[in-house]
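Structure record follows, encoded as structure tokens.
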Amino acid sequence: MRNLRWIIFLPAAVLAFASPVSANTFTENFDDDTYDLFVQLGGNAYWCTEYSDQFGTSGASLCLFNTSSVTEFGFPEDVQVQGFEFVAGAKNGTVDLTVQLANGETFTHPVDGSCCETTVRVESEEPIFGFTLPADWDLWLLDSLSWWATEL
């Protein structure tokens with residue numbers, strides 16, 4: 001009987017290694033001007049309240065107004081991000097955001113600004129390191145940035 005203990009242990013060990021890791025969802029609502037992820041605001045991008053609860057936003061948001069440089073977002077280093085989404089409010093025209101993957105590759109994803117509210121959702125099989133929004137002539141709002149990730 002003592003030699004048969006591995007029969008119980010082995011299936012449990014295999015299942016533990018084979019079971020999928022569950023993803024956690026994290027959200028930055030831009031309630032104040034401190035953030036739960038790295039944010040480098042481009043020129044004329046700022047935390048604002050003057051458009052609170054408008055164009056799909058909930059409270060404060062990031063205002064991007066005639067930005068003169070890119071706005072960068074980097075996810076926390078202790079998670080492996082598989083996707084993210086955010087609300088883009090009051091956007092006119094379409095721009096491409098650039099997604100940086102952990103392996104160094106990049107790809108673009110459109111932010112369709114048919115006005116006045118859209119949800120942008122990006123997913124990748126490779127872990128996502130961050131993304132950038134281009135300099136743009138328009139005033140638009142970014143809010144409710146969520147990302148789903150496994151903790152490292």
Next item on the list: Using atom types as modelled and distance alone, determine if a side-chain donor or acceptor of Asp32 lies under 3.5 Å from a backbone N or O of Thr34.
Entry: yes
Notebook entry, point to check: Ignoring hydrogens and geometry, is there a side-chain-to-backbone donor-acceptor pair from Glu28 to Asp36 under 3.5 Å?
Noted result: yes
Notebook entry, point to check: Which pairs pass side-chain hydrogen bond (donor to acceptor under 3.5 Å, both in side chains) with one or both residues in residues 56-65, sequence neighbours excluded?
Noted result: none
Check: Can you list every pair that meets salt bridge (charged side-chain N to carboxylate O under 4.0 Å, His left out) and has a residue in residues 137-147, with sequence neighbours left out?
Finding: Lys91-Asp138
Notebook entry, point to check: Tell me the salt bridge (charged side-chain N to carboxylate O under 4.0 Å, His left out) pairs involving residues 103-117, sequence neighbours left out?
Noted result: none
Next item on the list: Please say which of Thr25, Leu37, Thr27 ends up in a side chain to side chain contact (heavy atoms under 4.5 Å, CB included) with Trp147.
Entry: Leu37
Notebook entry, point to check: Mind checking what makes side chain to side chain donor-acceptor pair (under 3.5 Å) contact with Thr108, not counting sequence neighbours?
Noted result: none
Next item on the list: Would you please name every residue forming a side chain to side chain contact (heavy atoms under 4.5 Å, CB included) with Phe107, sequence neighbours left out?
Entry: Val99, Leu101, Val122, Ser124
Item checked: Side-chain heavy-atom pair Thr132, Gln100 within 4.5 angstrom cut-off -> yes
Notebook entry, point to check: How would you list, by chain and number, every residue that makes a ring-ring contact (aromatic ring centres under 6.0 Å, His included) with Phe30, sequence neighbours excluded?
Noted result: Tyr35
Item checked: Pairs where residues 80-90 contributes a residue and the test salt bridge (charged side-chain N to carboxylate O under 4.0 Å, His left out) is met, not counting sequence neighbours -> Glu85-Arg121
Margin query: Using the ring-ring contact (aromatic ring centres under 6.0 Å, His included) criterion, which residues pair with Phe73? Sequence neighbours excluded.
Written below: Phe131
Check: For Ala135, which residues count as a side chain to side chain contact (heavy atoms under 4.5 Å, CB included) partner, sequence neighbours excluded?
Finding: Thr67
Next item on the list: Would you check if the distance from the ring center of Phe84 to the ring center of Phe75 is below 6.0 Å?
Entry: yes
Check: Which salt bridge (charged side-chain N to carboxylate O under 4.0 Å, His left out) pairs, counting each pair once, include a residue from residues 39-58, with sequence neighbours left out?
Finding: none
Check: How are the rings of Phe86 and Trp140 set to each other: parallel, tilted or perpendicular (split at 30° and 60°)?
Finding: tilted
Note to self: Per the disulfide (SG to SG under 2.5 Å) rule, what does the pair list look like for residues 23-97, sequence neighbours excluded?
What the structure shows: Cys48-Cys63
Check: What pairs with Ser68 under side chain to side chain donor-acceptor pair (under 3.5 Å), at least two apart in sequence or on another chain?
Finding: none
Note to self: Whether the side chain of Thr71 engages the backbone of Gly42 through a donor-acceptor N/O pair (distance < 3.5 Å, no angle test) should be reported.
What the structure shows: yes
